[in-house]
Amino acid sequence: MIRKIISQLRLRIGSASIDLILDKDEFMPGEKVTGYFSLKGGRFEQKINRLECDLVVTDEQKKEEKFTESALTRLMSKPISSKESSRIPFTFQLPSTLDTSSNKFSYRFRTKLVFSDGTKRVDHDQIKILTKKNLVNS
């Protein structure tokens, strides 16, 4: 049992990583978001099953987070070696119905890299939703 726990901990520490790099972090509702995923190998080769990215809204007053929309799900079944790094393009059209970011609402992209053994690496990238009123006051 202890060996299994140590093995799983080692997998998490030395596993491949994912980072969503956005061209900017402030957007208008309905705007197109662009950037790329930076994928880097860990200490050993691993097999990737899928890459997921979701837009999540957090209601700060209720302390609730809600899945807004799936930005990307990509099935891969691809090995990544320890020294490998790659970029995967990212484009997503924001819904035009998003509320403005405020003390009440915040938005982020939650990216998950899922491996064949069931382990996951997660990345969070905060974005700000503006309105024309925000732009005038900037």
Side-chain angles (χ1 to χ4, degrees):
M1 179 73 163
I2 292 174
R3 286 184 187 173
K4 184 177 180 181
I5 292 169
I6 291 170
S7 174
Q8 289 176 345
L9 182 61
R10 190 170 30 135
L11 283 174
R12 289 187 186 126
I13 293 170
S15 66
S17 65
I18 189 77
D19 187 17
L20 176 58
I21 309 296
L22 299 173
D23 293 333
K24 62 181 189 169
D25 62 1
E26 293 183 341
F27 302 92
M28 298 290 291
E31 190 174 348
K32 184 186 283 188
V33 179
T34 58
Y36 62 91
F37 297 101
S38 175
L39 181 59
K40 293 183 182 173
R43 292 188 177 166
F44 49 90
E45 183 174 288
Q46 289 178 279
K47 187 175 180 187
I48 300 170
N49 273 2
R50 71 183 180 276
L51 171 63
E52 301 173 356
C53 185
D54 301 314
L55 180 61
V56 176
V57 60
T58 302
D59 184 327
E60 303 293 346
Q61 292 176 341
K62 294 180 181 177
K63 301 295 182 205
E64 286 180 345
E65 76 175 25
K66 183 171 71 171
F67 164 81
T68 302
E69 197 163 322
S70 178
L72 173 92
T73 299
R74 186 180 217 179
L75 301 177
M76 298 177 105
S77 188
K78 157 190 165 53
I80 183 166
S81 68
S82 63
K83 297 183 182 191
E84 185 177 346
S85 65
S86 61
R87 288 183 175 192
I88 301 168
F90 175 76
T91 303
F92 176 69
Q93 189 78 40
L94 290 170
S96 58
T97 56
L98 294 178
D99 291 318
T100 303
S101 294
S102 64
N103 292 339
K104 186 175 179 185
F105 293 108
S106 64
Y107 296 90
R108 64 187 163 86
F109 285 104
R110 180 178 53 210
T111 305
K112 273 194 260 183
L113 193 58
V114 182
F115 301 100
S116 61
D117 63 2
T119 59
K120 300 173 186 163
R121 288 298 295 249
V122 181
D123 176 52
H124 298 273
D125 294 278
Q126 191 93 16
I127 63 169
K128 189 171 185 179
I129 303 300
L130 305 173
T131 61
K132 291 183 186 201
K133 181 180 173 184
N134 293 120
L135 292 176
V136 171
N137 292 334
S138 298

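Predicted model only: the values in this text are computed from it and were never measured. Residue numbers run from 1 in the order of the sequence given.
In this structure, L55 and V33 have side chains that are not in contact, with every pair of non-hydrogen atoms separated by 4.5 Å or more. At a threshold of 4.5 Å between non-hydrogen side-chain atoms, the residues T91 and K32 count as touching.
Rounded to the nearest 0.5 angstrom, R110 CZ and L20 CG are separated by 13.5 Å. One finds the OG1 atom of T119 at 9.5 Å from the CG atom of N49 (value rounded to the nearest 0.5 Å). Rounding to the nearest 0.5 Å gives a distance of 5.0 Å between CG of L51 and CD1 of I18. The distance from the CG atom of D123 to the CZ atom of R108 is 10.5 Å, given to the nearest 0.5 Å. In this structure, the separation between OG1 on T34 and CG on D23 is 3.5 Å, given to the nearest 0.5 Å. Distance check, rounded to the nearest 0.5 Å: OH of Y107 to CG of L98 gives 4.5 Å.
In terms of heavy atoms, I129 sits closest to S101 at N-OG, 2.7 Å. Across every non-hydrogen atom of R121 and A16, the tightest pair is CG-O, 3.0 Å. When all heavy atoms of P29 and S96 are compared, the pair lying nearest together is CB-O, 3.5 Å.
Atom NZ of K47 has 12 or fewer neighbouring heavy atoms from other residues, nucleotides or ligands inside a 6.0 Å radius.
Considering only residues two or more places apart in sequence or on other chains, K40 meets the salt bridge (charged side-chain N to carboxylate O under 4.0 Å, His left out) condition with none of them. Partners of F90 by ring-ring contact (aromatic ring centres under 6.0 Å, His included), not counting sequence neighbours, listed by chain and number: F37, F109.
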* Any chance you could lay out the side chain to side chain contact (heavy atoms under 4.5 Å, CB included) test for L94 and I127, step after step, and finish with the verdict? => CA-CA 11 Å; L94 290 170; I127 63 169; 4.2 Å; yes
* Evaluation steps, side chain to side chain contact (heavy atoms under 4.5 Å, CB included), between D99 and K104 -> CA-CA 10 Å; D99 291 318; K104 186 175 179 185; over 6 Å; no
* To do: With salt bridge (charged side-chain N to carboxylate O under 4.0 Å, His left out) as the test, would you mind laying out the steps for E52 and K120 before giving the verdict?
  => CA-CA 10 Å; E52 301 173 356; K120 300 173 186 163; over 6 Å; no
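There is no path of hydrophobic side-chain contacts, each under 4.5 Å, that joins Y36 to L39. Tracing side-chain contacts under 4.5 Å through hydrophobic residues (I, L, V, M, F, W, Y), one never reaches V114 starting from V56; they form parts of separate clusters.
Panel note: side chain Q46, backbone S81; no donor-acceptor pair is recorded below 3.5 Å.
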